[in-house]
Amino acid sequence: MAQATSFSMPSLETITTVSAVILSSLLGLFYWTTTPSTAPNLPGPCGWPIVGNYFQRGADPAVTYHRWSKIYGPVFRLRLGYKWVVVFNTADAAEELLASSAHAATFQSRPVPYSMGKLFKEASKKTITIGSSPYVVLLYGKRRLSIASVSPASTKSYERLIDRSTQNFVRDLNVPSKIYGVIVPWPIFFSNAACLAIAIFFGTPITVASELFKDIPFPMWRLAQLRNITGRACAYFPFLRLFPVHSAYKEAVVVAKYRNGKLAGLLETCRKQIAVRTTVPCAVVSMLYDHKTEFTEEALTSVSNSMVSSGLVSHMPNTLLWSLGILASYKTIQEKCYQAVLRRQTLVESVDPVQDREDYLMAFVYEAGRYFTTLRLSLARETIGKDCFWKGFYIPAGTTVWCNIHAMYRDVPRFERPEKFVPERYMVGPESVRSIPHFGFGLGRRMCPATILVHKEIYSVFQTILTYYSLDLFDGESDFHAVRGCAVGRSFNQGPKQFRIKLHVRDQAKLDEFLATEI
Ligand code: HEM
């Protein structure tokens, strides 16, 4: 006997989801077949129906865009789902569009991707870093605070904190070196970059800074995942927002709240110390002295978030790790850096990152920033208020813009043999005589305010390590090619593949004395 087939009606939720998917697909198809007049009229690669160029971006999108720029020109457009994005790929084009008086004002906002917007609502506005903030009234006030806190004068006032932090790098390298002989640098460089950021900004003692995030419930980089230019499909395909929220997002919200709490606590401690004049010179002191009453607690925590996030998340540690790897792998470069360290010991002044063109270690720091470019697509920008007309092309208001720093640093008219790692380019020859562009820190009105501080910090870290140790690569990545040696080209920030090193003490008595010194 034939069995009766039971048939139950799909739930209302299923019907809604399926209808939304079909509707979005139809809208996507319509959008693809009829490029709207509001799209930028630039050349660009032909995409697939609905998804556009989303799946054509390859494992390392900055590298793919560099290749595409040879076909479509220095500035081209992409379509990712429903969104148009414009990519700047040469130094000339980026300087003209982001830094010239004709266009700079147009590109001074930042887009707020869907997940970030949601995060800001759920984890409070304190989470909005300057680097993730659109152009709003408070932005330039916050930028002013951030610039005050890292100006050359204030940086000079907390040089001692930089020395204290770099001593801690050596302390943390010394222990596993003695016990195991071989070192996995990741945990040491990530935790010390975080300590460096906290110590310099809040004047926090290293012993306190190194314990601060020990009870973090989820990894700090959950937050960076939300900012990732190449990730987050729901930013481009709105129908995905109908699906339940991913656990990584929920964890990012928890991390954001946790971090806000810790930073607000540190700020409060600084305030109390300032009131009774027991504070040490640090970035918060430089920031608060002139602007004590103008800013709300929320704004100040947001600025604190901005100023420590590069150390807590990834660009600082990744830049240090690439540099460490190349020093360990390329003995000639390491020896030249060591000679520069010895030369510096004979000079009275500490290095001046802007003026000093004779210091090989400084040139090495610049070249590592150029060659590896840890924020390859910078931080996204958005046009603000008005359309941009450039060389007969049209970029409408509200368009997302990515600046391909990886490609700009490989711009042949600007950089000779850009595929080679050559620190000397910053000491002699055409690149050293003109003012040096540090595209790795962006350009124009939203450029990173911390260029000088960062160069000084990286210099100090390697100056201190090389004073006491010579380095050898033990195993793992050895080539340190910016593209082939990159661990994950699609992440928010590009770091090297895994490697391990060995350290050799240059002079044990000198090292012991240094480790026993309280700076
Ligand atoms: C290796 C280290 C670093 C790199 C490679 C780096 C790179 C960048 C880049 C590419 C941008 C975007 C610029 C643009 O859109 O044109 C940026 C923004 C920013 N950076 Fe850095 N940065 C580093 C370290 C730091 C540090 C240590 C601080 C603070 C002490 C800092 C504070 C900021 C702030 C506040 C912004 C946002 C500026 C704005 O949106 O107006 N950065 N950084």
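Whatever order the structure lists ligands and atoms in, that order sets their numbers, starting from 1. What you see below is based on every heavy atom in this structure, not just the backbone, and it leaves out hydrogens, waters and symmetry mates. Please read all numbers here as calculations on a predicted model, not as lab measurements.
- Trp68 and Tyr65 have tilted rings, their planes meeting at an angle from 30° to 60° on a 0 to 90° scale.
- A centroid separation of 6.0 Å or more is found between the aromatic rings of Phe439 and Phe88.
- Residue Leu443 places at least one N or O, backbone or side chain, under 3.5 Å from an N or O of ligand 1.
- Nearest to atom 40 (O) of ligand 1 among the protein's heavy atoms is Arg110 NH2, 2.8 Å.
- In terms of protein heavy-atom proximity, atom 30 (C) of ligand 1 is closest to Met307 O, 3.3 Å.
- Ligand-side atoms of ligand 1 in range of Thr319: 1 (C), range being under 4.0 angstrom from any heavy atom.
- Those atoms of ligand 1 that come under 4.0 Å of a heavy atom in Gly131, given as number and element, are 37 (C), 40 (O).
- By the criterion of a heavy-atom distance under 4.0 Å, the side chain of Leu375, and not its backbone, is placed next to ligand 1.
- For Ile458, no heavy-atom contact with ligand 1 is shorter than 4.0 Å.
- At the top of the distance list for atom 25 (C) of ligand 1, counting protein heavy atoms only, stands Ser310 OG, 3.3 Å.
- Near Gly442, the atoms of ligand 1 lying under 4.0 angstrom from a non-hydrogen atom of the residue are 10 (C), 13 (C), 14 (C), 16 (O).
- Nearest protein heavy-atom neighbour of atom 16 (O) of ligand 1: Arg381 NH2, 2.8 Å.
- Arg445 does not count as a contact of ligand 1, since none of its heavy atoms falls under 4.0 Å from the ligand.
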Report the C-alpha separation of Arg425 and Glu367 in whole Å, then their side-chain angles, then the decisive distance to 0.1 Å, and conclude whether the salt bridge (charged side-chain N to carboxylate O under 4.0 Å, His left out) test is met.
CA-CA 8 Å; Arg425 71 175 74 245; Glu367 179 66 344; 3.1 Å; yes
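- A side-chain contact (heavy atoms from CB on, under 4.5 Å) with Cys388 is found for one member of Thr399, Val86, Leu97, Val401 and no other, namely Leu97.
- Taking the six-membered ring for Trp and thresholds of 30 and 60 degrees, Tyr258 and Phe213 have ring planes inclined between 30 and 60 degrees apart.
- A donor-acceptor contact closer than 3.5 angstrom links the side chains of Ser302 and Lys142.
- Counting atoms of ligand 1 from 1 in the listed order, those under 4.0 Å from a heavy atom of Ser378 are 10 (C), 12 (C), 13 (C), 14 (C), 15 (O).
- Aromatic pair Tyr426/Phe364: centroids not less than 6.0 angstrom apart.
- With a 4.0 Å heavy-atom cut-off, ligand 1 is reached by the side chain of Ala450 but not by its N, CA, C or O.
- Side-chain rings of Trp322 and Phe499 stay apart, their centers remaining 6.0 Å or farther from each other.
- What sits closest to atom 2 (C) of ligand 1 on the protein, heavy atoms only, is Val454 CG1, 3.6 Å.
- The closest protein non-hydrogen atom to atom 34 (C) of ligand 1 is Pro449 CD, 3.4 Å.
- Taking the six-membered ring for Trp and thresholds of 30 and 60 degrees, Phe421 and Phe372 have ring planes inclined between 30 and 60 degrees apart.
- For ligand 1, the polar-atom distance check against Arg143 finds a nitrogen or oxygen pair separated by under 3.5 Å.
- Side-chain polar atoms of Thr127 and Asn260 form a donor-acceptor pair below 3.5 angstrom.
- With a heavy-atom cut-off of 4.0 Å, His315 touches ligand 1 through backbone and side chain alike.
- The backbone N or O of Leu300 lies less than 3.5 Å from no partner atom in the side chain of Glu297, so there is not a single donor-acceptor pair.
- In this structure, Arg376 contributes its side chain and His406 its backbone to no donor-acceptor pair below 3.5 Å.
- Checking Gly440, Cys448, Ser146, Ala193 against atom 10 (C) of ligand 1, the nearest heavy atom belongs to Gly440.
- The shortest N or O to N or O distance between Arg446 and ligand 1 is below 3.5 Å.
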